[in-house]
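Here the structure comes first, spelled out in structure tokens, and everything after it is commentary.
All values derive from a computational prediction rather than experimental measurement. Sequence positions, counted from 1, serve as the residue numbers for this chain.
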Amino acid sequence: MKARMTQYVIEPAPQASLSVFGDDTDFPIRRIFCVGRNYEAHIVEMGNDLREPPFFFCKPADAVVPNHASVSYPKATSDLHHEVELVVALGAGGSDVASEDALDLIWGAAVGIDLTRRDIQGEAKKRGRPWDMGKGFDQSAPIAPLVPIGDVASLTEGRIWLSVNGTTRQSADLADMIWPVADCISYLSGLVALAPGDLIMTGTPAGVSALQRGDEVTAGITGLPDLNIKIAE
């Protein structure tokens with residue numbers, strides 16, 4: 001029987017993707033999962049309890065913007081915050097993956113920034129509503145080029161930092177994560193079936209604060225290419 005060719009009533013959106021460091025290929029993005037409250041000092045600064053099970057929220061795949069992008073100051077906020085994070089990209093999927101097997105799913109890693117409309121997120125928290133509009137808006141996920149996992153020095157230790165206009169605002173170590181990368185992947189795989197193309201943003205350390213139009217932001221993790229963005233005037 002002849003296979004039916006799919007025809008769409010509108011033009012499908014382009015495939016969201018990330019560049020690969022030192023290569024001319026791209027990594028296709030399926031979904032973006034973000035871990036909330038994964039560094040103790042950040043939990044304290046946000047006034048929350050320690051060592052709760054990890055929880056997750058999502059950003060749309062097309063929220064990703066590449067290195068050296070000019071990011072528009074988003075609509076409907078006067079309190080845009082930066083949150084530097086280690087991002088891992090999955091090259092394989094699975095359900096109920098054991099922690100000891102979780103790192104085998106990873107294709108590569110990169111530096112990312114979870115941009116947050118803090119005022120919208122705060123109002124949603126007070127009202128018990130979803131965080132989507134505080135976290136999942138346009139251009140809310142700047143991410144540097146991915147480094148293949150074989151070339152990544154470590155996912156468990158190394159400095160993670162962010163500066164604004166040359167002044168350091170966030171500085172910690174990946175070892176400070178409450179839930180290491182393997183545990184985050186394992187726990188998430190018990191909630192959804194993970195798949196190739198999924199990204200996981202693994203949480204931010206303390207020091208989150210507001211960005212202004214014209215700010216130049218640099219974020220880094222030991223052994224990975226830095227991420228540079230500018231908030232448009």
Side-chain angles (χ1 to χ4, degrees), residues 3-6 8 12-39 52-67 83-114 130-132 135-136 140-158 160 174 177-204 221 223-225 227:
R4 177 180 178 271
M5 291 185 63
T6 303
Y8 298 102
Q15 170 66 57
S17 64
L18 263 176
S19 62
V20 174
F21 183 71
D23 203 336
D24 59 0
T25 57
D26 280 7
F27 181 90
I29 302 170
R30 185 169 185 262
R31 298 173 292 188
I32 304 174
F33 297 100
C34 306
V35 183
R37 302 173 190 163
N38 201 21
Y39 287 79
E52 294 179 339
F55 71 93
F56 301 85
F57 57 91
C58 293
K59 292 177 181 277
D62 63 2
V64 168
V65 292
N67 208 5
E83 300 188 4
V84 61
E85 313 207 0
L86 170 66
V87 181
V88 293
L90 303 189
S95 296
D96 300 316
V97 178
S99 291
E100 56 267 29
D101 299 324
L103 298 184
D104 294 339
L105 304 186
I106 298 175
W107 188 91
V111 181
I113 300 174
D114 168 16
W131 294 6
D132 297 57
K135 290 286 192 176
S140 61
I143 301 178
L146 281 170
V147 174
I149 192 62
D151 297 326
V152 176
S154 177
L155 297 175
T156 57
E157 61 182 7
I160 177 171
L174 297 178
M177 285 188 190
I178 297 172
W179 296 92
V181 173
D183 290 348
C184 291
I185 294 172
S186 176
Y187 193 92
L188 181 58
S189 74
L191 300 173
V192 297
L194 297 174
D198 288 342
L199 302 183
I200 301 175
M201 303 184 75
T202 58
T204 195
I221 295 173
L224 295 175
L227 171 62

Got a second to check how far [X]'s [atom1] is from [Y]'s [atom2], nearest 0.5 Å?
X: Phe21; Y: Leu146; atom1: CZ; atom2: CG; answer: 11.5 Å
X: Ser186; Y: Leu194; atom1: OG; atom2: CG; answer: 9.5 Å
X: Leu191; Y: Asp96; atom1: CG; atom2: CG; answer: 9.5 Å
X: Asp198; Y: Leu105; atom1: CG; atom2: CG; answer: 10.0 Å
X: Phe56; Y: Leu188; atom1: CZ; atom2: CG; answer: 4.5 Å
X: Leu227; Y: Ile221; atom1: CG; atom2: CD1; answer: 9.5 Å

Atom of [X], atom of [Y] and distance for their closest heavy-atom approach:
X: Asp26; Y: Ser19; result: OD1-CA, 3.5 Å
X: Ala109; Y: Leu224; result: O-CD2, 3.9 Å
X: Ala193; Y: Ser95; result: CB-OG, 3.3 Å
X: Ser189; Y: Gly94; result: CB-O, 3.8 Å
X: Ser99; Y: Asp183; result: OG-OD1, 3.0 Å
X: Pro225; Y: Val111; result: O-CG2, 3.5 Å

Would a 4.5 Å heavy-atom cut-off, applied to side chains only, mark [X] and [Y] as touching?
X: Val87; Y: Ile32; value: no
X: Tyr39; Y: Leu174; value: yes
X: Phe33; Y: Cys58; value: yes
X: Val152; Y: Ile106; value: no

Next item on the list: Evaluate the criterion side-chain contact (heavy atoms from CB on, under 4.5 Å) for residue pair Asp104 and Val97; output intermediate values, then yes/no.
Entry: CA-CA 10 Å; Asp104 294 339; Val97 178; over 6 Å; no

Kindly say whether [Y] contributes a backbone atom to a donor-acceptor pair with the side chain of [X] at under 3.5 angstrom?
X: Asn38; Y: Trp179; result: yes
X: Thr202; Y: Leu86; result: yes
X: Lys135; Y: Lys59; result: no
X: Thr204; Y: Glu85; result: no
X: Gln15; Y: Ile29; result: yes

Checklist line | Phe57 vs Asp114, side-chain contact (heavy atoms from CB on, under 4.5 Å): CA-CA, chis, key distance, verdict | finding: CA-CA 11 Å; Phe57 57 91; Asp114 168 16; 3.6 Å; yes

Next item on the list: Determine whether more than 12 heavy atoms belonging to other residues, nucleotides or ligands lie under 6.0 Å from atom OH of Tyr187.
Entry: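 Yes, the 6.0 Å shell around OH holds more than 12 heavy atoms from other groups.
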
